[in-house]
There are 2 protein chains.
Amino acid sequence: MLNPDPFQAQCPTRVILDRIADKWTVLLLTAVAERPTRFNALRRRVEGVSQKVLSQTLKSLERDGLVTRHAYPTVPVTVEYAITPLGASLERTLAPLAHWASEHIDQIAKAQAQFDGRKAA
Amino acid sequence: MLNPDPFQAQCPTRVILDRIADKWTVLLLTAVAERPTRFNALRRRVEGVSQKVLSQTLKSLERDGLVTRHAYPTVPVTVEYAITPLGASLERTLAPLAHWASEHIDQIAKAQAQFDGRKAA
DNA sequence: CGGCATCCTCCCCGATACTG
DNA sequence: CAGTATCGGGGAGGATGCCG
């Protein structure tokens, strides 16, 4: 069993955090959770993600069992990514963060302005 | 008002995610939320964080109004970091992630092993 | 359409040394 | 004790080109 202390390197919290705390993972998990989506549709949906990073991120999401990848033998090939039950449960625990963000973004901006103002003064 | 679509670059979700989705921010927020803590105590509590990155991360947490920094004029100086109400509310929305992590870490490990097994085969 | 390979750049982060 | 300054490596991630 892993060390449960959330501040030790090998505890579950740290391991999960190291996996999802990057620029795109949470965003893509959320996007795929909405509905099954094809590669390029995902690329258009999530503004700013490059093809390479999208591919990489989806692959590690697949590896972790959070999304599935299904290739249909059409011409040209169609690839659809979908959420798994495991991924959906993670997405549900992350969803409140989006709500928190919209409700508190103004407070953050205000705090930053105050902090920067004190520095300049 | 900011764009509420969570997949556009300037929406609150993206802004917040860009701020907290790094290696140490969530961890330090959680640690400080437990109790007010001094710099070196924090450093010992959170295994593996370097002095420089701890200092940087605390400063940006302070800038965002998520933690406070209070210096006591002792000799040598004592500096204590504490959570703010804003920081506490963020920490509460992040806390379920730690629970999710301990409950599902085994499933993730299993999915990874299966994925890697298929690749090798 | 959905990738992989390659190259390259930036900046995150660690190590070390020094300061009030 | 609580930082700042400096240096440097490595990896994340962007741009481009090619392929099934």
Side-chain angles (χ1 to χ4, degrees), chain A residues 7-9 14-29 31-32 35-64 67-82 115 118-119, chain B residues 7-9 14-15 17-29 31-32 35-64 67-82 115-116 118-119:
Chain A
F7 301 109
Q8 297 303 306
R14 291 279 291 264
V15 172
I16 298 292
L17 234 31
D18 283 347
R19 264 293 295 108
I20 70 174
D22 63 51
K23 198 172 178 181
W24 303 108
T25 297
V26 172
L27 239 31
L28 288 175
L29 189 71
V32 171
R35 73 188 68 84
T37 315
R38 288 190 300 156
F39 187 86
N40 277 336
L42 221 34
R43 196 179 169 190
R44 284 186 297 270
R45 181 93 177 96
V46 180
E47 184 185 12
V49 66
S50 74
Q51 190 178 41
K52 178 184 142 188
V53 172
L54 177 57
S55 175
Q56 284 178 351
T57 307
L58 286 171
K59 192 178 296 182
S60 69
L61 282 170
E62 186 194 1
R63 178 171 182 264
D64 291 343
V67 309
T68 58
R69 176 187 185 278
H70 192 74
Y72 299 92
T74 54
V75 179
V77 62
T78 299
V79 179
E80 194 168 70
Y81 292 89
F115 186 90
R118 279 196 302 276
K119 292 292 172 180
Chain B
F7 301 109
Q8 297 303 306
R14 292 278 290 264
V15 173
L17 234 31
D18 283 346
R19 264 295 295 108
I20 69 174
D22 63 50
K23 197 171 179 183
W24 302 109
T25 297
V26 171
L27 239 30
L28 288 175
L29 188 72
V32 171
R35 74 188 68 83
T37 316
R38 289 190 300 156
F39 187 86
N40 277 337
L42 222 35
R43 196 181 169 188
R44 285 185 297 270
R45 181 94 178 95
V46 180
E47 184 185 13
V49 66
S50 74
Q51 191 178 40
K52 179 182 140 188
V53 172
L54 177 57
S55 174
Q56 284 177 351
T57 307
L58 286 171
K59 192 177 297 183
S60 68
L61 282 171
E62 186 195 0
R63 178 170 182 265
D64 292 343
V67 309
T68 58
R69 176 187 185 278
H70 192 74
Y72 299 91
T74 54
V75 179
V77 61
T78 299
V79 178
E80 194 168 70
Y81 292 88
F115 186 91
D116 296 346
R118 279 196 302 276
K119 291 292 171 179

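Fair warning: this is a prediction, and the values are worked out from it, not measured in the lab. Residue numbering restarts at 1 for every chain, and letters A, B, ... go by the order of the sequence lines.
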Exercise for review: Look at the side-chain N and O atoms of S55(B) and state whether any lies under 4.0 Å from the OP1 or OP2 oxygen of dA2(D).
Suggested key: no

Exercise for review: List the atom of R45(A), the atom of R35(A), and the distance in Å for their closest heavy-atom pair.
Suggested key: NE-NH1, 4.5 Å

Revision key, fill the gap. Heavy-atom closest pair (D22(A) atom, A21(B) atom, distance to 0.1 Å) is O-CB, 3.8 Å

Point to revise | Atom pair CD (Q51(A)) and CG (L42(A)), whose distance is rounded to the nearest 0.5 Å | key: 12.5 Å

Exercise for review: Considering non-hydrogen atoms only, spot the tightest contact between W24(A) and V49(A) and give its length.
Suggested key: CH2-N, 3.6 Å

Review point. In the 5'-to-3' direction, what one-character label does each nucleotide of nucleotides 8-20 of chain D receive under the scheme B = base within less than 4.0 Å of a protein heavy atom, S = sugar-phosphate only, - = no such atom?
Key: -----BBB-B--B

Check your understanding: Can you check whether L54(B)'s main-chain N or O pairs, donor with acceptor, with T57(B)'s side chain at less than 3.5 Å?
Key -> no

Practice item. Mind checking Y81(A) for me? I need base, sugar-phosphate or nothing, with any heavy atom below 4.0 Å counting as a touch. Key: sugar-phosphate

Check your understanding: What are the 5'-most and 3'-most nucleotides of DNA chain C lying under 4.0 Å from any heavy atom of chain A?
Key -> dC1(C) to dC7(C)

**Study point:** For the student: nearest non-hydrogen atoms of S50(A) and R43(A), plus distance
**Key:** C-NE, 4.4 Å

Check your understanding: CG/L28(A) to CZ/F7(B) distance, rounded to the nearest 0.5 angstrom?
Key -> 8.5 Å

Practice item. Starting from the first five and the last five pairs of the helix from dC1(C)-dG20(D) to dG20(C)-dC1(D), work out the angle between the resulting helix axes, to 10 degrees. Key: 50°

Check your understanding: What are the two closest non-hydrogen atoms of A9(B) and E47(A), and how far apart are they?
Key -> N-OE1, 2.8 Å

Practice item. Any chance you could lay out the side chain to side chain contact (heavy atoms under 4.5 Å, CB included) test for L58(A) and R69(A), step after step, and finish with the verdict? Key: CA-CA 9 Å; L58(A) 286 171; R69(A) 176 187 185 278; over 6 Å; no

Point to revise | Exercise: identify the closest heavy-atom pair between R38(B) and T78(B) | key: CD-CG2, 3.1 Å

